[in-house]
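Inspection log for the structure reproduced underneath, given as structure tokens.
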Amino acid sequence: MPIATINPANNRLIRVFDPLTEEATRQKISLADETFRANAHISIDHRALWMRKLAAILDDEADELAATITLEMGKPIHAARLEVQKCALTCRYYADNAARILAPEHIPTSEAHTSYVRYEPLGIILAIMPWNFPFWQVFRFLAPALMAGNVGLLKHASNVPECALTIESLVRRAGFPRGTFQTLLLGARHVEHVLADPRVGAVTLTGSEPAGRAVAAQAGWLIKKSVLELGGSDPFIVLPSADLDHAVQTAVRARCVNTGQSCIAAKRFLIHDSIYDAFTTRFVELMNQLRVGDPMREDTDLGPLATLQILEELEAQIEAATQSGARILTGGQRMAGAGNYFEPTVITSVPRTSPVYREEIFGPVAMLFRVRDLDEAIAIANDTPFGLAASAWTSDPTEQQRLIAEIQAGAVFINEMVASDPRLPFGGIKHSGYGRELAAAGMREFLNAKTIVIA
Ligand code: NDP
């Protein structure tokens with residue numbers, strides 16, 4: 001895949017970028033290494049000052065930055081602006097909380113005079129990031145990593161190079177020394193040389209399962225720490241005691257966030273038999289009301305899919321689903337004209353044998369399932385290789401507790417759609433990956449918890 005900006009609203013090529021040469025890549029790694037050492041004397045308070053400045057720039061320039069995001073990957077402009085603002089919030093969260101999270105943890109032992117854990121940065125962290133939230137995915141790594149004293153190398157997705165370069169320049173403008181955060185314009189196959197460099201201490205990847213497997217296999221062989229945030233096929237369970245109107249409106253938002261291209265978008269809707277028909281009628285109605293079109297317009301709900309490849313993969317998934325017996329209640333087609341637009345789609349009767357039953361669907365396509373009771377809802381919710389998150393709707397406290405305890409996922413949200421929040425850990429189990437981002441847990445992934453004993 002070339003490293004290029006292609007507007008997904010019309011597939012016009014805007015700019016092609018030259019990949020870094022091997023020598024230029026080595027120089028950037030050297031600079032990162034030198035900067036890591038030089039930064040060691042910089043206090044947390046000082047880093048917090050830069051981090052707050054970074055937040056202020058993001059807020060001040062949210063409109064221009066949002067336009068860069070929308071141009072490169074097609075998300076509606078209002079959503080792109082919210083993404084930038086969430087990055088600012090996260091920078092402030094870590095500026096405010098890093099000292100607390102990084103504080104030595106005293107653990108008295110009767111034998112030692114002093115015993116404690118001291119948290120130290122690991123050095124250069126390689127971040128391999130996707131295009132779906134081209135700022136947010138990077139900032140949720142960058143803010144804790146830089147506050148902890150690590151330095152970052154970003155290998156961003158090849159279709160969002162302008163976002164990648166912009167983020168590097170924002171970090172510099174905020175005051176962080178040159179080399180603290182650098183973008184490497186590299187194709188995926190060149191990443192293994194970067195990870196293999198002994199000066200690179202760890203890697204974090206957000207993306208697909210195959211990419212995660214490849215990178216984690218290499219990291220494992222090299223004995224380097226890795227964090228993986230991969231796909232999801234999150235269930236959205238609605239039981240009879242739920243506020244149906246609220247649930248169905250949230251269901252549409254939860255499926256269509258980012259034109260359906262989100263790991264934590266609700267993808268499988270498991271609806272109790274007694275409310276299935278009412279839910280389905282209203283859900284289809286609301287999906288049909290979504291405004292699909294120019295992502296630069298403020299009133300657009302769904303933009304184009306980020307790349308032609310994503311559109312073609314989605315088409316193939318729908319085709320395979322219908323071949324295997326699934327029924328389309330609405331949508332199901334790419335839209336006429338230029339750009340990677342796909343109709344808001346609802347499918348039902350997806351057999352367990354259909355490939356799409358087990359796959360992640362990255363696009364505005366909802367799969368509906370009728371369930372007879374809570375047991376069946378939980379069984380289907382867990383019948384997936386993924387385990388990222390789940391949203392479940394019921395006002396019955398006993399049902400809520402069963403859902404919390406029995407759903408196999410990194411997060412369960414009751415009567416709310418799943419969303420990430422800098423104050424709460426984020427990550428999955430099973431094929432959705434391992435490790436956590438955000439909150440204290442996310443910051444500690446790339447720290448050496450050094451045990452100190454003074455007799
Ligand atoms: P990829 O996983 O291929 O891309 C994500 C990032 O990983 C990109 O920076 C990519 O670089 C890089 N990458 C890919 N393969 C390797 C490798 N072997 N070694 C090192 N880096 C690698 O996702 P796609 O864009 O191809 O999307 C495919 C599917 O993945 C989607 O339909 C969706 O199901 C899932 N996905 C999930 C995401 C999530 O948020 N969990 C995000 C994006 C995708 P490059 O762009 O140069 O290939």
Side-chain angles (χ1 to χ4, degrees), residues 1-6 8 17 19-20 72-75 83 126-138 140-141 153-161 163-164 167 183-196 200 203-219 222 226-234 257-265 267 305-318 340 342 355-356 358-365 384-389 410 418-420 426-428 430-435 437:
M1 206 208 278
I3 301 173
T5 300
I6 299 171
F17 295 74
L20 282 183
E72 283 201 310
M73 56 67 66
K75 93 175 40 186
E83 179 174 337
L126 172 64
I128 304 172
M129 291 292 153
W131 44 264
N132 58 344
F133 293 88
F135 268 56
W136 170 242
Q137 304 280 22
V138 176
R140 73 181 180 184
F141 154 73
L153 289 176
L154 170 65
K155 184 279 179 269
H156 217 328
S158 292
N159 57 325
V160 287
C163 287
I167 294 170
T183 283
L184 306 177
L185 289 181
L186 289 176
R189 68 197 165 87
H190 296 289
V191 176
E192 63 177 270
H193 303 300
V194 180
L195 185 52
V200 174
V203 61
T204 179
L205 179 140
T206 300
S208 64
E209 230 181 298
R213 268 181 213 288
V215 169
Q218 194 199 355
L222 292 163
S226 60
V227 166
L228 297 182
E229 203 274 89
L230 309 179
S233 188
D234 289 2
V257 60
N258 205 31
T259 314
Q261 305 161 110
S262 167
C263 49
I264 48 166
K267 293 174 185 136
L305 297 167
T307 64
L308 190 56
Q309 190 191 339
I310 296 287
L311 176 69
E312 286 169 355
E313 279 168 15
L314 187 60
E315 274 186 318
Q317 280 179 306
I318 301 296
N340 308 323
F342 198 83
V356 82
R358 307 203 159 271
E359 290 169 355
E360 176 169 42
I361 300 186
F362 238 48
V365 177
T384 166
F386 298 107
L388 193 52
V418 177
S420 57
F426 181 91
K430 296 161 72 178
H431 288 194
S432 292
Y434 51 73
E437 296 191 277

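Small disclaimer: the values here were computed from a predicted structure and weren't measured. Order of appearance sets the numbers: ligands from 1, and atoms from 1 within every ligand. All residue numbers refer to positions in the sequence shown, counting from 1.
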To the nearest 0.5 Å, what is the distance between [atom1] on [X] and [atom2] on [Y]?
| X | Y | atom1 | atom2 | answer |
| --- | --- | --- | --- | --- |
| Thr384 | Asp234 | OG1 | CG | 8.5 Å |
| Thr5 | Asn159 | OG1 | CG | 8.5 Å |
| Phe135 | Lys75 | CZ | NZ | 10.5 Å |
| Leu228 | Thr204 | CG | OG1 | 7.5 Å |

With a 4.0 Å heavy-atom cut-off (strictly under), which part of Trp131 contacts ligand 1: side chain, backbone, both or neither?
-> side chain

Residue portion contacting ligand 1 (non-hydrogen atoms closer than 4.0 Å) for Gln137 | side chain

Look at atom 4 (O) of ligand 1 and say whether a protein heavy atom is found at less than 4.0 angstrom from it.
-> no

Got a protein heavy atom sitting under 4.0 Å from atom 25 (O) of ligand 1?
-> yes

Any side-chain heavy-atom pair from [X] and [Y] closer than 4.5 angstrom?
| X | Y | result |
| --- | --- | --- |
| Glu437 | Ser420 | no |
| Phe342 | Thr259 | no |
| Thr307 | Leu305 | no |
| Glu229 | Gln137 | yes |
| Leu311 | Pro8 | no |
| Val194 | Leu184 | yes |

May I ask which of Gly207, Gly187, Ala188, Ser208 has a heavy atom nearer to atom 1 (P) of ligand 1 than the others do?
-> Ser208

Under 4.0 Å from any heavy atom of [X], which atoms of ligand 1 are there?
| X | value |
| --- | --- |
| Ser158 | 45 (P), 46 (O), 47 (O) |
| Ala157 | 8 (C), 9 (O), 46 (O) |
| Cys263 | 39 (C), 40 (O), 41 (N) |
| Val215 | 19 (N), 20 (C) |
| Ala214 | 18 (N) |
| Asn132 | 39 (C), 40 (O), 42 (C) |
| Thr206 | 5 (C), 40 (O) |
| Lys155 | 9 (O), 11 (O), 45 (P), 47 (O) |

When you measure from [atom] to every protein heavy atom, which one gives the shortest distance, and what is it?
| atom | answer |
| --- | --- |
| atom 8 (C) of ligand 1 | Met129 O, 3.5 Å |
| atom 41 (N) of ligand 1 | Leu230 O, 2.9 Å |
| atom 7 (O) of ligand 1 | Ile128 CG2, 3.4 Å |
| atom 35 (C) of ligand 1 | Glu360 OE1, 3.5 Å |
| atom 42 (C) of ligand 1 | Pro130 CB, 3.4 Å |
| atom 32 (O) of ligand 1 | Phe362 CB, 3.5 Å |

Please check if the distance between the ring centroids of Trp131 and Phe362 is under 6.0 Å.
-> yes

Here the pair of heavy atoms bringing Val191 nearest to Lys155 is CG2-CG, 3.5 Å

Could you say whether the N/O atoms of [X] and ligand 1 ever approach to under 3.5 Å?
| X | value |
| --- | --- |
| Gln309 | no |
| Leu186 | no |
| Ala211 | no |

Exercise: do Glu313 and Gln309 side chains pair donor with acceptor under 3.5 Å = yes

